[in-house]
Novice: 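Sending over a structure as structure tokens; questions will come in a sec.
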Amino acid sequence: DLPVYFFLQSIRTSAFDVFFTTILLLINPISIFAIVLTQVGYCIVTHQFRLAQYWLSLCFFTFLLISFKQNRRSMLI
């Protein structure tokens, strides 16, 4: 267990800390909503309605799958 700990500490640098902090901030639901809203707005402004429809449908079905999975997990507990 100790060699693994020392190995992980040896690869930990400030660049990795910045990377993982950025990933953590992007996973925030408010950030994801802002990114999708910006993308859809850009698609509407540039008249790419199919791409906007694709983004919205992708987000909607992903939301449904996550909700279904969480509801199913709470039923099993």
Side-chain angles (χ1 to χ4, degrees):
D1 213 21
L2 197 57
V4 173
Y5 173 76
F6 286 133
F7 172 71
L8 291 175
Q9 287 299 319
S10 71
I11 63 171
R12 184 176 180 193
T13 61
S14 62
F16 276 123
D17 288 343
V18 169
F19 172 74
F20 285 116
T21 302
T22 305
I23 294 298
L24 181 66
L25 291 175
L26 289 177
I27 293 175
N28 185 359
I30 295 171
S31 299
I32 293 173
F33 180 72
I35 291 169
V36 169
L37 191 62
T38 303
Q39 178 65 31
V40 170
Y42 174 77
C43 290
I44 290 173
V45 168
T46 58
H47 300 287
Q48 297 178 356
F49 300 114
R50 283 189 181 177
L51 186 58
Q53 182 182 6
Y54 170 77
W55 268 93
L56 289 174
S57 65
L58 179 70
C59 293
F60 177 72
F61 285 113
T62 304
F63 171 75
L64 285 179
L65 287 173
I66 291 171
S67 298
F68 176 73
K69 184 177 179 182
Q70 287 178 349
N71 286 339
R72 186 176 171 113
R73 185 180 305 159
S74 66
M75 284 187 223
L76 293 175
I77 295 177

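Predicted model only: the values in this text are computed from it and were never measured. We count residues from 1, following the sequence as given.
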Novice: Working to the nearest 0.5 Å, report the span between CZ of F68 and CG of L65.
Specialist: 9.0 Å
Novice: Sequence neighbours left out, what pairs pass ring-ring contact (aromatic ring centres under 6.0 Å, His included) with at least one residue falling in residues 39-67?
Specialist: H47-F49
Novice: About how many Å separate CZ of R50 and OG of S57, when rounded to the nearest 0.5 Å?
Specialist: 12.5 Å
Novice: For atom CD1 of I30, is the number of surrounding heavy atoms from other residues, nucleotides or ligands below 6.0 Å larger than 12?
Specialist: no
Novice: So how far is it from Q39 CD to L56 CG, rounded to the nearest 0.5 Å?
Specialist: 10.0 Å
Novice: Taking S10 for its side chain and F7 for its backbone only, find out whether a donor-acceptor pair lies under 3.5 Å.
Specialist: yes
Novice: Which ILVMFWY residues can you reach from I66 by hopping between side chains whose heavy atoms are under 4.5 Å apart?
Specialist: none
Novice: V40 pairs by side chain to side chain contact (heavy atoms under 4.5 Å, CB included) with which of T38, L37, V36?
Specialist: V36
Novice: Would you compute the distance between atom CG of L64 and atom SG of C59 and round it to the nearest 0.5 angstrom?
Specialist: 11.5 Å
Novice: Could you check whether atom CD of Q48 has more than 12 heavy atoms from other residues, nucleotides or ligands sitting under 6.0 Å from it?
Specialist: yes
Novice: Show me the pairs that pass salt bridge (charged side-chain N to carboxylate O under 4.0 Å, His left out) and involve residues 8-19, at least two apart or across chains.
Specialist: R12-D17
